[in-house]
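Encoded as structure tokens, the structure appears first; notes follow it.
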Amino acid sequence: MSKIGEFLKETGVFFLATADGAQPKLRPLGAFIEEDGKIIFGVGDFKDVYKQLKANPLVEIAACKPDGHWLRYTGKAVFETDTKYAQAMIRNAHLESIYNEQTGNKLMAFHLEDAKAVDIAVMGAGESLL
């Protein structure tokens, strides 16, 4: 697992920031998978966050460990065309009751490109994780 994946796994919950026009929007997430050298996140196709990512794919993810180290992971959200990523995330995060044929909801998987990731100590300089 990558340093970013290890960091996110340790924190459990992390925050995804998007833009809704000129208004920043922040929400907690907890599910991700690491596959084919990418960290994959997912959002529902029926949620505002999906519309925000489609309109402006520039995002930031922030997470904080109990020791005070925090992660800033920024980049451009690129949606996956292969459904294997969404299916793996649905299985791993036990999201079958939300994303299935009966509900019609789809999980849209994405990874970050042109990304930067920095592990920042409470009172120290950041260390690049990429």
Side-chain angles (χ1 to χ4, degrees):
M1 185 170 273
S2 71
K3 290 181 181 180
I4 298 167
E6 289 172 10
F7 199 111
L8 293 173
K9 187 174 181 181
E10 186 175 336
T11 64
V13 174
F14 46 92
F15 295 87
L16 173 67
T18 61
D20 186 9
Q23 179 64 49
K25 296 288 183 172
L26 188 66
R27 81 272 299 142
L29 298 177
F32 74 94
I33 59 171
E34 195 162 351
E35 199 167 316
D36 298 330
K38 300 183 275 191
I39 297 177
I40 310 289
F41 304 96
V43 295
D45 68 343
F46 59 96
K47 294 186 174 190
D48 287 343
V49 63
Y50 176 66
K51 295 172 193 146
Q52 293 160 9
L53 288 169
K54 293 298 281 184
N56 179 354
L58 299 178
V59 301
E60 184 162 281
I61 291 170
C64 188
K65 292 191 216 178
D67 69 2
H69 277 252
W70 63 284
L71 171 72
R72 176 177 282 161
Y73 184 31
T74 59
K76 178 181 178 182
V78 175
F79 284 94
E80 302 294 342
T81 56
D82 191 334
T83 59
K84 74 177 185 177
Y85 299 110
Q87 293 306 314
M89 183 171 293
I90 289 167
R91 281 190 309 276
N92 290 352
H94 308 290
L95 300 172
E96 295 89 352
S97 65
I98 299 170
Y99 301 102
N100 60 59
E101 288 185 25
Q102 289 77 28
T103 65
N105 298 332
K106 293 183 181 173
L107 184 74
M108 307 306 289
F110 68 93
H111 69 277
L112 301 188
E113 287 188 1
D114 303 323
K116 294 180 183 176
V118 182
D119 176 348
I120 304 166
V122 175
M123 296 300 291
E127 173 191 343
S128 176
L129 299 181
L130 291 176

To the nearest 0.5 Å, what is the distance between CD (E60) and CZ (R72)? 4.5 Å
Considering only NZ, NE, NH1 and NH2 on the basic side and carboxylate oxygens on the acidic side, decide whether D48 and R27 come within less than 4.0 Å. no
What are the two closest non-hydrogen atoms of A109 and A86, and how far apart are they? CB-N, 3.9 Å
Give a yes or no answer on whether the side chain of D36 reaches the backbone of K38 with a donor-acceptor pair at less than 3.5 Å. no
Should the heavy atoms of other residues, nucleotides or ligands under 6.0 Å from NZ of K65 be counted, would the total exceed 12? yes
M89 and F79: same hydrophobic cluster, using ILVMFWY side-chain contacts below 4.5 Å? no
Could you state the interatomic distance from CD1 (I33) to CD (Q87), rounded to the nearest 0.5 Å? 10.5 Å
Residues at least two apart in sequence or cross-chain that pass side-chain contact (heavy atoms from CB on, under 4.5 Å) with A117, listed by chain then number, are I4, L71, Y73, L129, L130
Here the pair of heavy atoms bringing T103 nearest to S97 is CG2-O, 3.8 Å
E34 (side chain) donor-acceptor with S2 (main chain) under 3.5 angstrom: yes
Would L29 and L112 show up in the same hydrophobic cluster when neighbours are defined by side-chain heavy atoms closer than 4.5 Å? yes
Backbone N or O of L53 within a donor-acceptor pair of the T18 side chain at under 3.5 Å? no
For residues 2-26, pull every pair meeting ring pair (Phe, Tyr, Trp, His ring centres under 6.0 Å), keeping only residues two or more places apart or in separate chains. F14-F41
Find the distance between CG (D114) and NZ (K116) and round it off to the nearest 0.5 Å. 9.5 Å
Smallest separation among heavy atoms of G44 and L107, with atom names: N-CD1, 4.3 Å
Can you get from V59 to M108 by hopping between Ile, Leu, Val, Met, Phe, Trp and Tyr side chains that sit under 4.5 Å apart? yes
Main-chain N/O of I98 paired with N105 side-chain donor or acceptor, under 3.5 Å: yes
Straight-line distance of K51 NZ to D45 CG, nearest 0.5 Å: 9.0 Å
Closest heavy-atom pair, A88 versus E35, reported as atoms and distance to 0.1 Å, is CB-OE1, 4.0 Å
Would a single hydrophobic cluster contain both Y85 and V49, if residues Ile, Leu, Val, Met, Phe, Trp and Tyr are joined by side-chain heavy-atom contacts under 4.5 Å? no
Close side-chain approach of D119 and K3, heavy atoms under 4.5 Å: no
Gap separating the CD1 atom of I40 from the CG atom of N92, nearest 0.5 angstrom: 12.0 Å
If you group Ile, Leu, Val, Met, Phe, Trp and Tyr by side-chain heavy-atom gaps below 4.5 Å, do W70 and I39 land in one group? no
Taking all heavy atoms of G126 and all of V118, pick out the closest pair and write down the distance. CA-CG1, 3.5 Å
Carefully, step by step, assess Y99 and F46 under the rule side-chain contact (heavy atoms from CB on, under 4.5 Å). CA-CA 11 Å; Y99 301 102; F46 59 96; 3.7 Å; yes
